Amino acid sequence: MASVQLPSIDLSLKDTKYVAAELKTACQQWGFFTVKNHGIPIEDISKVFEISDEFFNSPLEEKKKFMFKGGRLHSGYTGHFGEKLDVEHQRRGDMKESYDLAGFPHPDANTNSPVIQKYFIELKAFQRECHCLSLKILDLIAIGFGFPSDFFSKNHSSSEDILRLLKYSVPEGVERQKDDEDAGAHSDYGSITLLFQKDAGGLQIRPPQSYNVADWLRVSVDENSVIVNIADMLQFWTSGRLKSTVHRVRLDEDVKTRQTIAYFVTPDPETLLAPVFEKEREKQSEGKEDNMETVTAGEWIEGRLNITYGYGEAPRGYLDSQNGLIGQSS
Ligand SMILES: O=C(O)CCC(=O)C(=O)O
Ligand SMILES: [Fe+2]
């Protein structure tokens, strides 16, 4: 399988217009890029990987006491096969475990595992750093399109963001089958996602058609860079100009386990995902039937979670965007 070196954006460069233009191109062509000199100290990232290790190494019975119960603002553990990211094609769920930390949970919240509670200060500081980085990136995206810099970031208080610890491994007593997925093919739900890899190798992307490569590509990333991808809401919001690229995880054959940290950035729930560009706004005001202007970020995310965890219906507009019925403009 071919590998791809994602566009790399240096956030320490002083020429904001240049950086914003590079970022815009990356978002339009790939929907994936990496950022370097991003401002999050390596030690802080390593610490969260240590915490993650400690949690996932605790006994299964212990982890199960803090199961993720679904919905937008819950935190908790999801065991092997508990999430099926590609509902249509996967026979069983993803070969992974995860722990979600939604929003900025209260330190006394006894709903979290004791390991998570023990490191609450470190985790909260890391969430803050991720939030700051996400605002910087959202500002640059806005500048790239000629909007005021806070055009997107003003709707991102981080209250709906999710920090997710991930561990990929084959559970004891289970045989890996040929068609098993470590994380099934999917696109992310929110505005952007930050991804930190401790153990590289495994992330694959299906590049947008415009790039003319049909197959999956292995992602190769410089050490110390953070991977960033555009997610569905930002694709929808920008009428498809920014690409929410489908990706999956397949561990290389010689790899037994892999750890990553994802930070899912989500607009505040009351945010109306109305088209940001004049052309599409005009179309809407003509009163088309599939008028989306009443879809809020909160409704959207709830619906998406319902699909992956098998609870209920898709959000309005979601299936259209997946089937290419919206977001055709370039
Ligand atoms: O762990 C990875 O490399 C990707 C994780 C991912 O795509 C997700 O959790 O949405
Ligand atoms: Fe993802």
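Just so you know, ligand 1 is whichever comes first in the structure, and atom 1 is the first atom listed for that ligand. Side-chain atoms are counted along with the backbone in the values below, which use heavy atoms only and exclude waters and symmetry mates. Just so it is clear, the structure is predicted and the values come from calculations on it, not from any experiment.
Judged by distance alone, the side chains of S12 and N37 do bring a donor and an acceptor atom under 3.5 Å apart.
In this structure, Y99 has its ring center closer than 6.0 angstrom to the ring center of F55. In this structure, H131 has its ring center at least 6.0 angstrom away from the ring center of Y263.
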Kindly determine whether E83 and R164 satisfy salt bridge (charged side-chain N to carboxylate O under 4.0 Å, His left out), including the steps that lead there. CA-CA 13 Å; E83 185 179 26; R164 170 177 277 197; 3.0 Å; yes
D182 vs R248, salt bridge (charged side-chain N to carboxylate O under 4.0 Å, His left out): CA-CA, chis, key distance, verdict: CA-CA 8 Å; D182 298 291; R248 70 179 181 189; over 6 Å; no
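Within the 4.5 Å cutoff, the side chain of D180 has heavy atoms near those of the R92 side chain. By the 4.5 Å heavy-atom criterion applied to side chains, M67 and K65 are not counted as neighbours.
Protein atoms of type N/O/S that fall under 2.8 Å from the Fe ion (ligand 2) number 3 in this view.
For K63 and F56, the positive end is not near the middle of the six-membered ring at less than 6.0 Å and at most 45° from its axis.
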With the criterion set at N/O pairs under 3.5 Å, what does the list of contacts between the protein and ligand 1 look like, atom names and distances included?
unit_1: ligand 1; atom_1: 1 (O); unit_2: Y168; atom_2: OH; d: 2.5
unit_1: ligand 1; atom_1: 1 (O); unit_2: R258; atom_2: NH1; d: 3.4
unit_1: ligand 1; atom_1: 1 (O); unit_2: T260; atom_2: OG1; d: 2.8
unit_1: ligand 1; atom_1: 3 (O); unit_2: R258; atom_2: NH1; d: 2.9
unit_1: ligand 1; atom_1: 3 (O); unit_2: R258; atom_2: NH2; d: 3.0
unit_1: ligand 1; atom_1: 7 (O); unit_2: H186; atom_2: NE2; d: 3.1
unit_1: ligand 1; atom_1: 7 (O); unit_2: H247; atom_2: NE2; d: 3.0
unit_1: ligand 1; atom_1: 10 (O); unit_2: H186; atom_2: NE2; d: 3.0
unit_1: ligand 1; atom_1: 10 (O); unit_2: D188; atom_2: OD1; d: 3.1

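Note on L234: it clusters hydrophobically with L133, by side-chain heavy-atom contacts below 4.5 Å among ILVMFWY residues.
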